[in-house]
Amino acid sequence: MRKLKKYRPTRFMAEDSYYDKDAADHAVCFIEKFCCHTKGTWDGEPFELIDWQEQIIRDIFGILKPNGYRQFNTAYIEIPKKQGKSELAAAVALYLLCADFEPGAEVYGCAADRNQAQIVFDVALAMVKRCPALEKRMNIKASQKEMEYLPTGSKYKALSADVANKHGFNTHGVIFDELHTQPNRKLYDVMLKGSGDARMQPLYFLITTAGDNTNSICYEVHQKAKDIIEGRKIDPSFYPVIFGAEDDDDWTDPKVWKKANPSLGITVGIDKVEAACEQAKQNPAEENAFRQLRLNQWVKQAVRWMPMDKWDACKVSFSEEMLEGRVCYGGLDLSSTTDLTSFCLVFPPEDDEEPYYVLPYFWVPEETLELRVRRDHVPYDLWEKQGFIQTTEGNVIFYAFIEKFIEELGERFNIRQIAYDRWSATQISQDLEGYGFDVVPFGQGFASMSPPTKELMTLTLQKRIAHNGHPVLRWNMDNICIRTDPAGNIKADKSKSTEKIDGAVAMIMALDRAIRCGNDTSESVYDTRGLLVF
């Protein structure tokens with residue numbers, strides 16, 4: 001058996017746990033002796049664990065509690081595609097089925113649908129068929145996606161999606177493949193919450209690539225793993241492994257590819273990654289797919305609209321005081337009474353050399369702040385302490401507070417107009433009119449939103465937008481998902497964006513008024529030159 005160079009037990013080993021080399025060797029030996037590769041040029045070759053795979057196997061099966069049972073009950077492995085995760089998952093399933101000394105073990109393969117769950121099962125089945133010692137001890141029901149290890153009466157079965165409504169499982173092992181594709185948390189809860197209580201050392205082996213839905217059960221588990229890795233949480237039963245690039249890494253750098261892909265050059269050639277990177281460079285719509293699948297980065301949606309490096313390049317240090325007295329235009333996005341509310345001022349340039357200056361403001365209900373931090377995994381509390389978000393009393397947005405705040409802004413800045421969503425701000429618009437503001441309804445359809453949204457992109461690429469790096473607005477910009485109609489009109493789509501975009505919408509509405517009216521209200525810029533096209 002090949003030895004892992006410089007094996008050291010994971011730093012998540014509890015103080016009273018210990019590393020049992022014999023237990024770890026037993027798992028590694030089973031995989032490398034009885035399992036084999038099932039595809040491509042390596043078909044039939046023994047499954048020699050890659051270093052990162054062996055580290056995981058030794059940690060999970062070799063680190064034991066004082067009572068002799070495994071410390072880790074849940075393993076979360078997040079890694080880019082084509083790293084050999086299906087083969088590893090299949091090998092773990094077979095070990096739990098055949099070699100874990102558990103009579104009548106029940107091992108289940110789970111995924112978003114049965115076809116996905118069958119992928120790991122089919123790999124395991126192919127391994128069994130290539131190993132006479134296993135095959136003769138197995139009762140295989142291929143059509144039912146089930147196999148039974150006869151010496152112990154243990155079973156491994158790929159489950160269909162409808163089991164999310166069932167209970168009564170007595171699981172010894174669960175292999176959850178591509179957790180990020182789960183549409184909700186039902187199946188996860190059924191299989192992981194109490195289903196293994198009758199077993200002494202059940203193992204829930206979750207393996208996935210990063211996803212694009214930060215409201216999903218996978219992102220919840222990802223956040224827990226990240227919190228444990230970074231020391232914010234402690235859970236001795238949870239084993240976290242995340243291979244991936246950091247948000248600020250250069251996604252075109254081969255060194256970053258190597259960091260994110262531990263099997264690079266073994267299971268996947270660097271030429272394949274390089275080709276995918278070149279395609280992403282040529283087509284920005286493919287950048288998110290490259291980041292998600294090749295670099296294991298969580299992305300906000302399938303197609304990123306705003307290139308955030310271009311947005312960040314528009315950061316300019318300026319004070320609110322330097323803009324006092326100047327003409328500006330407001331955009332107000334109330335969202336809902338319990339959600340994020342934003343007001344944004346846009347200052348049109350006073351000469352050809354100036355950019356459009358942007359000042360955003362945000363509010364959340366004070367009593368729901370901590371709940372929102374836990375629910376959304378967004379640092380609202382930190383932003384509130386730093387002054388980037390204000391809170392209003394109670395558990396819903398207190399509109400009178402916002403009205404008063406805008407009135408005070410009107411004493412400092414020459415706010416010519418305030419645009420608002422006619423469907424969500426009728427009362428506050430009337431109140432603002434009472435304060436003497438010129439408020440104008442702003443439709444949220446393609447006709448109204450498309451021109452300023454396209455202009456925002458153009459101005460950003462030309463570095464003619466100037467913002468002060470406000471982190472909440474940046475978060476909103478990074479969340480934007482765009483909908484396009486058959487005529488090519490676009491708009492920021494709240495229904496498709498999985499996170500908040502209220503500040504971006506408020507800015508787009510204010511930008512529309514600033515572009516149309518400029519420093520006087522005599523004519524529209526759109527009328528004199530039309531849209532900028534990029």
Side-chain angles (χ1 to χ4, degrees), residues 26-40 42-47 49 53 57 60-61 70 75 77 84-164 166-179 187 190-192 195-196 198-207:
H26 186 261
V28 172
C29 183
F30 172 86
I31 292 172
E32 295 194 335
K33 182 177 181 180
F34 294 101
C35 301
C36 64
H37 294 284
T38 62
K39 297 177 182 178
W42 291 0
D43 186 14
E45 294 293 321
F47 189 169
L49 291 166
Q53 296 173 326
I57 296 299
I60 292 174
F61 293 103
R70 288 191 288 268
I77 318 298
K85 64 178 182 291
S86 295
E87 288 75 11
L88 180 63
V92 169
L94 289 177
Y95 181 78
L96 295 171
L97 178 70
C98 306
D100 205 26
F101 309 109
E102 183 74 14
E106 295 179 18
V107 182
Y108 296 102
C110 300
D113 54 52
R114 192 175 185 185
N115 290 334
Q116 181 67 45
Q118 287 175 192
I119 293 176
V120 173
F121 180 89
D122 288 343
V123 173
L125 180 58
M127 288 179 175
V128 168
K129 290 184 175 180
R130 286 164 174 76
C131 178
L134 288 180
E135 186 174 27
K136 70 180 182 181
R137 293 173 172 82
M138 207 76 70
N139 178 24
I140 298 171
K141 301 177 182 178
S143 63
Q144 299 177 36
K145 297 302 175 182
E146 180 179 328
M147 63 178 80
E148 179 184 5
Y149 184 63
L150 298 174
T152 59
S154 299
K155 295 182 179 180
Y156 172 33
K157 182 178 180 62
L159 296 178
S160 56
D162 59 5
V163 301
K166 299 179 181 178
H167 297 275
F169 294 99
N170 184 14
T171 58
H172 176 61
V174 174
I175 310 298
F176 229 122
D177 189 29
E178 297 297 9
L179 184 61
L187 182 59
V190 165
M191 300 310 299
L192 272 75
S195 67
R199 305 284 182 175
M200 295 306 298
Q201 52 178 5
L203 178 64
Y204 308 110
F205 192 80
L206 319 174
I207 194 159

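Atom OG1 of residue Thr152 and atom CG of residue Leu97 lie 6.5 Å apart, to the nearest 0.5 angstrom. Atoms CZ and CG, on Phe61 and Leu96 in that order, are 5.0 Å from each other to the nearest 0.5 Å. Within the model, atoms CG of Asp177 and CD of Gln118 stand 12.0 Å from one another, a figure rounded to the nearest 0.5 Å. Residue Leu203 holds its CG atom at 6.5 Å from CD1 of Ile175, rounded to the nearest 0.5 Å. In this structure, CD on Glu45 lies 12.5 Å from OG1 on Thr38, to the nearest 0.5 angstrom. Distance check, rounded to the nearest 0.5 Å: NZ of Lys136 to CG of Leu150 gives 12.0 Å.
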Could you give me the CA-CA distance, side-chain angles and deciding distance for Glu106 and Lys157, then say whether salt bridge (Lys or Arg N to Asp or Glu O under 4.0 Å) is met? CA-CA 8 Å; Glu106 295 179 18; Lys157 182 178 180 62; over 6 Å; no

Can you check salt bridge (Lys or Arg N to Asp or Glu O under 4.0 Å) on Asp100 and Arg70, steps first, answer last? CA-CA 11 Å; Asp100 205 26; Arg70 288 191 288 268; 2.9 Å; yes

Check step by step if side-chain contact (heavy atoms from CB on, under 4.5 Å) holds for Cys98 and Phe34. CA-CA 10 Å; Cys98 306; Phe34 294 101; over 6 Å; no

Working for side-chain contact (heavy atoms from CB on, under 4.5 Å), residues Glu178 and Lys85: CA-CA 10 Å; Glu178 297 297 9; Lys85 64 178 182 291; 3.1 Å; yes

With side-chain contact (heavy atoms from CB on, under 4.5 Å) as the criterion, how do Ile77 and Phe205 come out once you've worked through the C-alpha distance, each side chain's angles and the decisive distance to 0.1 Å? CA-CA 8 Å; Ile77 318 298; Phe205 192 80; 4.1 Å; yes

Are Asp43 and Arg130 close enough, and set up right, to give a side-chain contact (heavy atoms from CB on, under 4.5 Å), and what steps lead you there? CA-CA 10 Å; Asp43 186 14; Arg130 286 164 174 76; 2.8 Å; yes

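Using cut-offs of 30° and 60° for the angle between ring planes, the Tyr108 and Phe169 rings count as perpendicular.
Formation of a donor-acceptor pair under 3.5 Å by the Ser154 side chain with backbone atoms of Glu102 is found in this model. Remark: side-chain polar atoms of Glu148 are not paired, donor with acceptor, to backbone N or O of Asn139 under 3.5 angstrom. Using a distance-only test at 3.5 Å, with no hydrogens or angles considered, no donor-acceptor pair links the side chain of Glu146 to the main chain of Lys141.
When all heavy atoms are compared, the tightest approach of Met191 to Val174 is O-CG2, 3.9 Å. Shortest non-hydrogen contact noted between Ala111 and Gln116 is CB-CG, 3.2 Å. Nearest heavy atom pair, residue Met147 against residue Val128, reads SD-CG2, 4.1 Å. Nearest heavy-atom pair, Ile57 versus Ala27, reported as atom, atom and distance to 0.1 Å: CG2-CB, 3.7 Å. In terms of heavy-atom proximity, Glu87 sits nearest to Phe47 at O-CE1, 3.4 Å. Between Ala117 and Cys110, the closest heavy-atom pair is CB-C, 4.1 Å.
Using a 4.5 Å heavy-atom cutoff, the side chains of Cys36 and Trp42 are not in contact. Side chains of Val107 and Tyr95 form no contact here, defined as non-hydrogen atoms less than 4.5 Å apart. When side chains are defined from C-beta on, Val92 does not count as touching Ile60, because their heavy atoms never get closer than 4.5 Å. Taking 4.5 Å as the limit, every side-chain heavy atom of Thr171 sits out of range of all side-chain heavy atoms of Arg199.
For Tyr156, the ring pair (Phe, Tyr, Trp, His ring centres under 6.0 Å) partners two or more places apart in sequence, or in a different chain, are Phe121.
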